[in-house]
Peer 1: 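The structure that follows is given in the form of structure tokens.
Chain A is the first sequence line, chain B the second, and so forth, proteins listed ahead of strands; every chain is numbered from 1.
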Amino acid sequence: MIDIKLLRDNPNFVKEAVARKGYRIDVDEILKLDERRRKLIQEVEELRRSSNEISASGQETSPADRDKARGIKEKVKIKEKELEVVEDDFLGKFSQIPNPAFDDVAEGKNEADNKELRIVGKKTEFSFKPKDHLELSENLNLIDFKSGAKVAGSQFYYLKNEAAMLELALAHYSLDVLREAGFEVLFTPDLAKSRFYLGTGYLPKGDEAQTYEIKDSDLGLIATAEISLAGYHADEILDAKALPKKYAGVSHCFRREAGAYGKYSKGLYRVHQFTKVEMFCYTPPEASKNMHNELLRLEEKIFQGLGLTYRVVAICAGDLGSQAAAKYDLEAWLPGRGEWGEVTSTSNTTDYQARNLNVKYRLADGKTGFVHTLNGTAIAVSRAIIAILENYQKEDGSVAVPEVLHKYLSFKIIPTR
RNA sequence: GGAAGGUUGGCAGAGUGGUCUAAUGCGCCGCACUCGAAAUGCGGUUGGGGAGCAAUCCCCUCGGAGGUUCAAAUCCUCCACCUUCCGCCA
């Protein structure tokens, strides 16, 4: 959520920020609720004060005072109920106000208005007609969607043979890059309590349920390790000297992708389960912009290392979602479809997540404040596999393996069968 | 799955109904001493919220939610988590 003071002191800024992101929220209504809420708080507190006065005065209390205190308590109960209703209403609406986009984020309504910053590498050229990853993985016996569908449903799969080894190698490779960059490596839980999977991480526009929930429990399968890594320091006050904290979290990611059928819903591109190495950082507020650049730089380093062609896309205000103040995507060139496909995403969520999860830091003078949190994909393995298969395929149908992965694998080529 | 014991401020840890406005220690901040530092001494230091220009005042906060009482860290109920032991298991 945003800072409530920002809303009170500068409602017009908030209204503009909401409009820039394309959200429809009645800010004035929220302000009115806040006023009402504060008035009720004053009334409740005044009642409590007078009752405290009676019992905190000394030792035994007279029967008359006891009656009086009992009477006050009745009134408090009624007022508190009233306050609770207003408070819930207020909080529900207030927490929907999105994190304002930075000033330097481009205006725009949706994906179409995102801005290509640069292309790195050249679109792979072939002397033959390149196949898409579906055909390649079929021919090379790498992915079994049919059995995946039988056992778990459509858009589940078995990763087989060299592709399975490739998955491990890609994770290992990206972790080595991140360890060298000072990241602490964690395998996180693949499940989290609702407090963390709601509102923390991956939330699509719209209200479709995105998370798989565990029956009769408060747990859900995480859609990204961003959720488990953001929860890692929830309700903690971190020493300013210990910042920034940089984590590389490995997890499986589970997404229901409800209603997301379309052109690219076949194959590995959009699946219900995949492995991902996620970067997640906690920084002091003044350091988050630099860290965001650092995360983008690392994403590029990883993809450059793999020899893949990509472009960097700056996400416009209307496509940021509620949490991010700024966001960059990397899109890899996918010859099989002849288009760019999103492979990473890095966001600066400033103090928006930290306020929800109550993550603070303490300065040397004892003052505390909310940290900034940032996240970025190091490698979404399934999509990286698509990019490798489609870009490294050869005319005879075999696929070469990027050199940087050789040291993790016992093969340098995925041979034809 | 069974049994027992726990959860107190940044950390450790005392506190079993009434100045708890939470002892004490560590850490941290300020001041004094010092050329400077260490040591020492003195003072400060949970977090959140509300009123006020401010000084300041008030409310809440001892794992969470309810309850008993004029009064709850302390008593009762439920829940979560942690530790140890037994069983089972990779």
Peer 1: In whole angstrom, what separates L219(A)'s CG from rA80(B)'s P?
Peer 2: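 Answer to the nearest Å: 11 Å.
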
Peer 1: Looking at Q393(A) and E390(A), would you say the former's side chain and the latter's main chain have a donor-acceptor pair under 3.5 Å?
Peer 2: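 Checked: pair present.
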
Peer 1: What's the gap between rG9(B) and rC60(B) when it is taken at their C1' atoms, as a whole Å value?
Peer 2: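 It works out to 15 Å between them.
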
Peer 1: If I pick the C1' atom on rU16(B) and the same atom on rU74(B), what distance separates them, to the nearest angstrom?
Peer 2: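 Each nucleotide's C1' atom is 5 Å from the other's.
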
Peer 1: State which of rG50(B), rC59(B), rU69(B) makes the closest approach to the side chain of K73(A).
Peer 2: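 Nearest to the side chain of K73(A) among the choices is rU69(B).
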
Peer 1: Hey, is R8(A) close enough to D34(A) for a salt bridge, meaning N to O under 4.0 Å?
Peer 2: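 Salt bridge present between R8(A) and D34(A).
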
Peer 1: Using a 4.0 Å heavy-atom cut-off, does K360(A) contact any base of the nucleic acid, only the sugar-phosphate backbone, or nothing at all?
Peer 2: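 Sugar-phosphate contact only - K360(A) comes under 4.0 Å of backbone atoms but never of a base.
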
Peer 1: Assess whether a salt bridge exists between E278(A) and K246(A), defined as any Lys/Arg side-chain N lying under 4.0 Å from an Asp/Glu carboxylate O.
Peer 2: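 Here E278(A) does not pair with K246(A) in a salt bridge, since their nearest N and O are not under 4.0 Å apart.
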
Peer 1: Take the protein atom CD of E236(A) and the nucleotide atom P of rC11(B), then report the distance between them rounded to whole Å.
Peer 2: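 Those two atoms, CD and P, are 9 Å apart.
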
Peer 1: Taking NZ from K5(A) and P from rG50(B), how many angstroms apart are they, rounded to a whole number?
Peer 2: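 Computing the K5(A):NZ to rG50(B):P distance gives 8 Å.
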
Peer 1: Pick the nucleotide of RNA chain B nearest each of E46(A) and K77(A); which residue has the one closer to the 5' end?
Peer 2: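 The residue mapped nearer the 5' terminus is E46(A).
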
Peer 1: Counting any heavy atom closer than 4.0 Å, what does R36(A) reach on the DNA or RNA strands: base, sugar-phosphate only, or nothing?
Peer 2: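 R36(A): no heavy atom of the nucleic acid under 4.0 Å.
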
Peer 1: Using whole Å, report how far CD of E80(A) lies from P of rA65(B).
Peer 2: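 Interatomic distance, CD of E80(A) to P of rA65(B): 12 Å.
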
Peer 1: Taking pairing as Watson-Crick or G-U wobble with both contacts under 3.5 Å, can you name the mate of rC70(B), or confirm there isn't one?
Peer 2: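 Pairing partner, where one exists within any strand: rG18(B).
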
Peer 1: Looking across every strand, which nucleic acid part, if any, lies under 4.0 Å from T368(A) by heavy atom: base, sugar-phosphate, or nothing?
Peer 2: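 Answer is sugar-phosphate: T368(A) comes under 4.0 Å of backbone atoms only.
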
Peer 1: Any side-chain heavy atom of F13(A) sitting closer than 4.5 Å to one from L6(A)?
Peer 2: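 Yes, their side chains come closer than 4.5 Å.
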
Peer 1: Check the distance between rG48(B)'s P and D3(A)'s CG and give it to me in whole angstrom.
Peer 2: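 Rounding to the nearest Å, CG of D3(A) and P of rG48(B) are 12 Å apart.
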
Peer 1: Regarding K146(A) and E138(A), does a basic nitrogen lie under 4.0 Å from an acidic carboxylate oxygen?
Peer 2: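 Salt bridge: no.
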
Peer 1: For rC58(B) and R49(A) - does any side-chain N or O of the residue sit under 4.0 Å from the phosphate oxygens OP1/OP2?
Peer 2: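 It does not, given that no N or O in the side chain of R49(A) lies less than 4.0 Å from OP1 or OP2 of rC58(B).
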
Peer 1: Rounded to whole angstroms, how far apart are CD on E84(A) and P on rA65(B)?
Peer 2: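 Spelled out: CD on E84(A) to P on rA65(B) is 11 Å.
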
Peer 1: Salt bridge check, R37(A) against D89(A): does any charged N sit closer than 4.0 Å to a carboxylate O?
Peer 2: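 No, no charged N to carboxylate O under 4.0 Å.
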
Peer 1: Starting at atom CD1 of I54(A), determine the distance to atom P of rU69(B), rounded to an integer number of angstrom.
Peer 2: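 Value for this atom pair: 16 Å.
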
Peer 1: Taking only side-chain N and O atoms of N52(A), does any of them lie within less than 4.0 angstrom of OP1 or OP2 on rC60(B)?
Peer 2: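 Yes, within the criterion.
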
Peer 1: Would you say rG27(B) has OP1 or OP2 under 4.0 Å from some side-chain N or O of R362(A)?
Peer 2: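 For rG27(B), OP1/OP2 do not have a side-chain N/O of R362(A) under 4.0 Å.
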
Peer 1: Using Watson-Crick or G-U wobble geometry with both distances below 3.5 Å, tell me the partner of rA51(B), or none.
Peer 2: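 Per the H-bond distance test, rU56(B).
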
Peer 1: Between rG1(B) and rG87(B), how far is it from one C1' atom to the other, in whole Å?
Peer 2: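 Each nucleotide's C1' atom is 8 Å from the other's.
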
Peer 1: Does this structure show an ion pair linking R297(A) with E294(A), if we count only N-O contacts that are shorter than 4.0 Å?
Peer 2: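 Between E294(A) and R297(A) there is a salt bridge, with a charged N closer than 4.0 Å to a carboxylate O.
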
Peer 1: Return the nucleotide paired to rC31(B): Watson-Crick means purine N1 to pyrimidine N3 with N6-O4 or O6-N4, wobble means G-U with N1-O2 and O6-N3, both under 3.5 Å.
Peer 2: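 rG41(B) - that is the nucleotide pairing with rC31(B), both distances being under 3.5 Å.
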
Peer 1: Should rC85(B) form a Watson-Crick or G-U wobble pair with both distances under 3.5 Å, which nucleotide is its partner?
Peer 2: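 Answer to the pairing question: rG2(B), which forms a Watson-Crick or G-U pair with rC85(B).
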
Peer 1: Rounding to a whole Å, what distance do you find between D235(A):CG and rG47(B):C1'?
Peer 2: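 Answer to the nearest Å: 11 Å.
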
Peer 1: Using atom C1' of each nucleotide, how far apart are rG13(B) and rA23(B) to the nearest Å?
Peer 2: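 Each nucleotide's C1' atom is 10 Å from the other's.
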
Peer 1: Side chain of I237(A) only, please: which of rA51(B), rG47(B), rG49(B) is the nearest?
Peer 2: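 That would be rG47(B).
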
Peer 1: Could you tell me how far rC20(B) sits from rU8(B) if I compare only their C1' atoms? Round to whole Å.
Peer 2: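 After rounding to an integer number of Å, I get 12 Å for this pair.
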
Peer 1: For rA39(B) and rA32(B), measure between their C1' atoms and round to the nearest Å.
Peer 2: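 That atom pair is separated by 14 Å.
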
Peer 1: Given that both distances must come in under 3.5 Å, which nucleotide forms a Watson-Crick or G-U wobble pair with rG63(B)?
Peer 2: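 Paired with rC79(B).
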
Peer 1: For the P atoms, the ones on rU21(B) and on rG2(B), what distance do you get once it is rounded to whole angstrom?
Peer 2: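 Approximately 40 Å lies between the P atom of rU21(B) and that of rG2(B).
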
Peer 1: So which one's nearest nucleotide on RNA chain B is more toward 5', S50(A) or R38(A)?
Peer 2: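 This one resolves to R38(A).
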
Peer 1: What interatomic distance, in whole Å, is found between C1' of rU45(B) and the corresponding atom of rU24(B)?
Peer 2: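 Per the computed distance, 15 Å lies between those C1' atoms.
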
